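Contents: one structure, followed by commentary.
Residue numbers start from 1 in every chain, and the chains themselves are labelled A, B, ... in the order their sequence lines are given, proteins ahead of strands. As the structure is a computational prediction, the values presented were derived from the model and not from experiment. For the numbers below, each heavy atom of this structure counts, side chains included, while hydrogens, waters and symmetry mates do not.
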Protein chains: 2
Amino acid sequence: MQNGSMEEKRLDIHTAGVPLVCRSCEARHKGMCGALTESELVTLARQTRIVHHAAGAELAAEAMPVESYANVMRGVVKLTKILEDGRQQIVGLQFAPDFMGRLFSRESVVSMEAASDVELCRVSKGALERMIAENPALEHRLMQQTLRELDEARDWMVTLGRKTAAEKVSSFLYLIATHIDPTTEGQGLSVFDLPLTRGDIADFLGLTIETVSRQISQLRADRVISIEGVRRVTVPDLAALLARCG
Amino acid sequence: MQNGSMEEKRLDIHTAGVPLVCRSCEARHKGMCGALTESELVTLARQTRIVHHAAGAELAAEAMPVESYANVMRGVVKLTKILEDGRQQIVGLQFAPDFMGRLFSRESVVSMEAASDVELCRVSKGALERMIAENPALEHRLMQQTLRELDEARDWMVTLGRKTAAEKVSSFLYLIATHIDPTTEGQGLSVFDLPLTRGDIADFLGLTIETVSRQISQLRADRVISIEGVRRVTVPDLAALLARCG
DNA sequence: CGTCGAATTGACTTGGTTCAATCGACGTGG
DNA sequence: CCACGTCGATTGAACCAAGTCAATTCGACG
């Protein structure tokens, strides 16, 4: 074999420079790794492992101990909470290059599930926390992301508490379009694959599957969106979609 | 006058030791100031000012620039967001000794209003940010609080998205009882004054005033709570209330 | 005692859920 | 290659929890 495995390549890096796996990783620029120098990045990369999970894989369970953190490299992860009787609510979605895991807590307060096929860059809890302790810039970067997540959670509380079913579904589609489709800045045309099933969307919006389906059909009838299959969505005019978000 | 104003007292402290105003402040122990040494506390205290606001006072407006942060010393502050058409959602409540303000952001993403009469310990944005920059332990403390707020926001998303009106009102009363009444640990009897009007409660729960009122009446009829006036609530058995939270 | 805003209560309407039937894409085995 | 079963999505019809609209009632305060 001409090349070793990806793992071997990474372990073989002893010179300075950005590790191979990090070269195309968004976290290097927009995620937590942006706080690191090249040599720190090399140190961290030695302790990480790229892992793949198929859609539906349970990555962490509510109230279960967690011994690692991760960065999302590809795909979408959903964060969920459930009531004892089974009612479920999705309380967050993580896209690349988001950081995953509840820092400084021994157990997860949410459960995490791969919504689509995902690729994660995993690091042990201890290793990352040691790195954070001696690198305030890294904690600062993670603080910034946490604050952004808090802003997003609060935005979503307005959607959950005060919007109609039609506005909720529009808000969801707008959220996905602006997070997944790289070609848009909230303007014009957008085409993407929904990373969530109708059931997931319902759990995210606090609705039932049937209501989500009806609202999507209505948006289609009103020509705000068009759909091929069940997942591929085309939004001809994002502004028109935004106008329906309440 | 035998004593100078509270302000003068604080400015007069040049010796080491905990500043007078800080002696009885919960933030010293459970809030962000717990990360500071005595001398750092003295430095910070020189740049703070205690301010009072009456219930209803607007402390910061959504999308308006903010030039100061604060710690809640007494009372309750509500964080709200509104849709263009006036629908409003309360996205968070802050109790002593919570930190108030969106760190590292030039404008507020929520508006803040005094829910009850409040006492705040205000500090300029620049002064605190400078202190954070040279004191990683302080940023760590604030990170911990931010993470806790994120956990709370996500808990509340479940309430907003998946609970019935009856469960929402019970959840709200339980939240207030456990945050305001010092005599309980989520067990047994609790007596407290509601810091929010029925309208506020409705905005917190994503309900209407009428529905909140009906659910409170129902809880009273079921002897889960009793009420004197409109604000003073007695919960004879918190466990019974918790059992209705879904 | 009267006024005014907040809270409660009642009657009715409705948006979203529930229950049920059907559709459609996909994978399996005959 | 096609029949069949499965599972997610869609659609329809009936129902109900919460909203709306409309009186009262309560409580604080002058």
Using atom CD1 of A/Ile209 as one end and atom P of C/dA20 as the other, report the distance to the nearest whole Å. 16 Å
Do A/Glu26 and A/Arg74 sit within salt-bridge range, that is, some charged N less than 4.0 Å from a carboxylate O? no
Donor-acceptor contact present, side-chain B/Arg232 to main-chain B/Ile227, <3.5 Å: no
Want to settle it: does B/Thr164 or A/Gly229 sit nearer the 5' end of DNA chain D, counting the closest nucleotide to each? A/Gly229
Mind checking whether A/Phe172 and A/Phe204 have parallel, tilted or perpendicular rings, split at 30° and 60°? perpendicular
Check each residue of residues 211-219 of chain A for a non-hydrogen atom within less than 4.0 Å of any atom in DNA chain C, then write out the ones that pass by number, or none. A/Thr211, A/Arg214
So, the side chain of B/Ser105 versus the backbone of B/Arg102: is there a donor-acceptor pair under 3.5 Å, distance only? no
Expected list for residues 166-174 of chain A near DNA chain C, using heavy atoms below 4.0 Å, is none
In whole Å, what is the span from the CD atom of B/Glu210 to the C1' atom of C/dA11? 13 Å
Salt bridge between A/Arg87 and B/Glu167, side-chain N to carboxylate O under 4.0 Å? yes
For residues 239-246 of chain A, run the donor-acceptor check on the side chains, cut-off 3.5 Å, and write out each pair with its distance to 0.1 Å, sequence neighbours left out.
residue: A/Arg244; atom: NH1; partner: A/Asp222; partner atom: OD2; Å: 3.2
residue: A/Arg244; atom: NH2; partner: A/Asp222; partner atom: OD2; Å: 3.2

May I have the distance from A/Glu228 (atom CD) to C/dA25 (atom P), rounded to whole angstrom? 13 Å
Backbone N or O of A/Val109 within a donor-acceptor pair of the A/Lys81 side chain at under 3.5 Å? yes
Going by atom types only, do A/Ser111 and A/Thr80 share a side-chain donor-acceptor pair under 3.5 Å? yes
Pairing residues for A/Ser213 by the side chain to side chain donor-acceptor pair (under 3.5 Å) criterion, not counting sequence neighbours: none
Between C/dT9 atom P and B/Arg198 atom CZ, what is the distance in whole Å? 10 Å
Ion pair present between B/Asp203 and B/Lys78, side-chain N to carboxylate O less than 4.0 angstrom? no
With heavy atoms of chain A within less than 4.0 Å as the criterion, where does contact along DNA chain D begin and end? D/dA9 to D/dA13
What is the distance, rounded to the nearest whole Å, between atom CZ of B/Arg162 and atom P of C/dG16? 13 Å
Results of side chain to side chain donor-acceptor pair (under 3.5 Å) for A/Ser68 - residues two or more places apart only: A/Arg122
